[in-house]
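Working notes for the structure below.
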Amino acid sequence: MVAAVRAAPIDVRKLAAALFLRPDWPRRPPLLDVVLAGAFVALTVVEAVTLSGTTQAAKLWALSVPALASLAVRRQYPLLVACLVTDVNF
C-alpha cells in the first residue's frame, strides 16, 4: 500500500516579502551595480541624443532611462527590477 506524501507548508506571505523587500532594507547598492546601471543609462542617453526629434527618442527618455537606472537596486528588489526591465523591452 502506498502512503500519502505530505508537502511541507509554505508561508506565501514570507516568500512574497522576500522577493520584493529584503530584510536589510534600506541599504546602499554595491558600487559595481551603480557603475553598470550608470553605463547602461549613459549608452541609452547617447542613443536618444543621436535620435533626437523622433518618437523613438522620446520613448528612450521616458521608459528606458528609468528602467535601466533601476538596475542599481537589482539585488534589493530582484523580481521588481526584472519585471520593469523586461516590460520596457516590449
Tell me every residue that passes side chain to side chain contact (heavy atoms under 4.5 Å, CB included) with P30, counting only those two or more places apart in sequence or in another chain.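 By the side chain to side chain contact (heavy atoms under 4.5 Å, CB included) rule, P30 matches D33, R75.
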By side chain to side chain contact (heavy atoms under 4.5 Å, CB included) - contacts of V45 (at least two apart):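 Only V41, V49, W61, V65 meet the side chain to side chain contact (heavy atoms under 4.5 Å, CB included) criterion with V45.
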Would you mind listing every side-chain hydrogen bond (donor to acceptor under 3.5 Å, both in side chains) that reaches into residues 40-59, with sequence neighbours excluded?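 As it turns out, there is no side-chain hydrogen bond (donor to acceptor under 3.5 Å, both in side chains) pair with a partner in residues 40-59 once direct neighbours are skipped.
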Shortest non-hydrogen contact from A37 toward A72: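 So the minimum-distance heavy-atom pair works out to CB-N, 3.6 Å.
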Minimal non-hydrogen separation, L84 against A67, with atom names: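 Of all heavy-atom pairs spanning L84 and A67, the closest is CD2-CA, 4.0 Å.
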Can you tell me which residue among L36, V85, V34 is in a side chain to side chain contact (heavy atoms under 4.5 Å, CB included) with L71?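 Exactly one candidate clears the test, V85.
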Any chance you could lay out the side chain to side chain contact (heavy atoms under 4.5 Å, CB included) test for V73 and V81, step after step, and finish with the verdict? CA-CA 8 Å; V73 293; V81 171; 4.2 Å; yes
